Trainee: 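Could you have a look at this structure, given as structure tokens, before my questions?
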2 protein chains.
Amino acid sequence: MKKPAAHLSPREIFGGNLRRLRRLKDLSQEDLALAADLSRVYVSEVERGLRNVSIDNMAQLADALEVELKELVDPDMFQAMQKKIG
Amino acid sequence: MKKPAAHLSPREIFGGNLRRLRRLKDLSQEDLALAADLSRVYVSEVERGLRNVSIDNMAQLADALEVELKELVDPDMFQAMQKKIG
DNA sequence: TTGTGACTTATAGTCCGTG
DNA sequence: GCACGGACTATAAGTCACA
């Protein structure tokens with residue numbers, strides 16, 4: 001049993017998944033920003049849920065991390081990932 | 001065997017899923033717009049992939065249709081739905 | 001390496017009409 | 001019930017200097 005993953009906003013879910021996945025791939029915000037053709041500051045703010053990011057930029061970020069967009073908006077991305085990885 | 005669902009942009013996937021789901025629930029664009037607190041014209045354009053919709057509005061639209069956001073960005077929403085419905 | 005505030009400019013999003 | 005257009009206003013996008 002784990003705790004029930006509080007009521008996060010979609011922004012926060014997206015941002016959190018983005019950050020965790022980025023770190024998993026050992027990328028800095030700047031690396032990711034470059035790969036997604038966005039600014040580092042912008043990525044930083046998206047990760048913290050401060051920006052109301054658009055679907056185009058969400059897609060670029062997903063691309064840069066080589067995941068599907070639906071994974072990044074999934075509140076349970078972690079559990080899903082652990083099933084895959086084992 | 002069905003055809004392999006062409007290379008749609010995330011906007012088009014989202015818009016298409018939105019439209020199909022809306023019609024499935026027998027809602028007009030205006031009904032949906034009202035429920036999601038958006039303008040009807042805007043909903044029309046999002047459905048056609050003309051707008052770069054933001055995550056907040058995507059979430060409102062998902063809410064209004066009573067589905068999860070990840071379903072609306074899923075290129076294979078239909079197959080997934082048919083498994084559920086049977 | 002990341003966060004913050006201040007800022008400009010592009011475009012998201014609305015409201016009014018029309019066919 | 002929907003697509004399309006023009007004219008608007010709100011806000012997302014993007015950049016900088018500095019902590």
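Just so it is clear, the structure is predicted and the values come from calculations on it, not from any experiment. We name chains A, B, ... by the order of the sequence lines, and we start the count at 1 in each one.
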Trainee: Applying side-chain contact (heavy atoms from CB on, under 4.5 Å), name anything that partners A/Arg40, two or more places apart in sequence or on another chain.
Mentor: A/Gln29, A/Glu30, A/Ala33
Trainee: Under 4.5 Å between any side-chain heavy atoms of A/Leu24 and A/Leu65, yes or no?
Mentor: no
Trainee: Run the side chain to side chain donor-acceptor pair (under 3.5 Å) test against A/Ser39 and tell me which residues pass, sequence neighbours left out.
Mentor: none
Trainee: Got a sec? Which of residues 14-23 of chain B come in under 4.0 Å of DNA chain D, heavy atoms?
Mentor: B/Arg19, B/Arg22
Trainee: What are the atom names and distances for every N/O pair under 3.5 Å that joins the protein to nucleotides 4-10 of chain D?
Mentor:
unit_1 : atom_1 : unit_2  : atom_2 : d
D/dC4  : OP2    : B/Arg48 : NH1    : 2.0

Trainee: Could you tell me if the side chain of B/Arg11 sits less than 4.5 Å from the side chain of B/Val53, heavy atoms only?
Mentor: no
Trainee: Rounded to whole angstrom units, what separation is found between the CG atom of B/Leu27 and the C1' atom of D/dC2?
Mentor: 15 Å
Trainee: Who passes salt bridge (charged side-chain N to carboxylate O under 4.0 Å, His left out) against B/Glu47, sequence neighbours left out?
Mentor: B/Arg19, B/Arg22
Trainee: Can you measure B/Asp37 atom CG to D/dT11 atom P for me and round it to whole angstrom units?
Mentor: 12 Å
Trainee: Step by step, would you call A/Leu18 with A/Leu32 a side-chain contact (heavy atoms from CB on, under 4.5 Å)?
Mentor: CA-CA 10 Å; A/Leu18 193 67; A/Leu32 175 56; 4.2 Å; yes
Trainee: Who passes side chain to side chain donor-acceptor pair (under 3.5 Å) against A/Asp74, sequence neighbours left out?
Mentor: B/Lys70
Trainee: Please enumerate all residues that pass side-chain contact (heavy atoms from CB on, under 4.5 Å) together with A/Leu50, with sequence neighbours excluded.
Mentor: A/Glu45, A/Arg48
Trainee: Can you list the residues that meet the side-chain contact (heavy atoms from CB on, under 4.5 Å) rule with B/Asp37, with sequence neighbours excluded?
Mentor: B/Gln60
Trainee: Looking at A/Ser39, does any N or O in its side chain come under 4.0 Å of the phosphate oxygens OP1/OP2 on D/dG14?
Mentor: no
Trainee: How close or far is atom P of D/dA12 from atom CG of A/Leu38, stated in whole angstroms?
Mentor: 15 Å
Trainee: In chain order, what residues pass the side chain to side chain donor-acceptor pair (under 3.5 Å) check against A/Asp63, with sequence neighbours excluded?
Mentor: none
Trainee: Could you state the atom-to-atom distance from CD1 of A/Ile55 to P of D/dA13 in whole Å?
Mentor: 12 Å
Trainee: Within this structure, what is the CD-to-P distance between A/Gln29 and C/dT2, rounded to whole angstrom?
Mentor: 4 Å
Trainee: Can you name the residues that form a side-chain contact (heavy atoms from CB on, under 4.5 Å) with A/Ile13, not counting sequence neighbours?
Mentor: A/Leu8, A/Asn17, A/Pro75
Trainee: Rounded to whole angstroms, how far apart are CD on B/Glu30 and P on D/dC2?
Mentor: 9 Å
Trainee: Looking across every strand, which nucleic acid part, if any, lies under 4.0 Å from A/Ser28 by heavy atom: base, sugar-phosphate, or nothing?
Mentor: sugar-phosphate
Trainee: In this structure, how many angstroms lie between the P atom of D/dT11 and the CG atom of A/Asn52, rounded?
Mentor: 10 Å
Trainee: Could you identify which residues of residues 58-69 of chain A place a heavy atom less than 4.0 Å from some atom of DNA chain D, listed by residue number, or say none?
Mentor: none
Trainee: Measure from OH on A/Tyr42 to C1' on D/dT11 and round the result to the nearest Å.
Mentor: 11 Å
Trainee: Take A/Val53 and B/Asp31, find for each the nucleotide of DNA chain D with the closest heavy atom, and name the residue whose nucleotide sits nearer the 5' end.
Mentor: B/Asp31
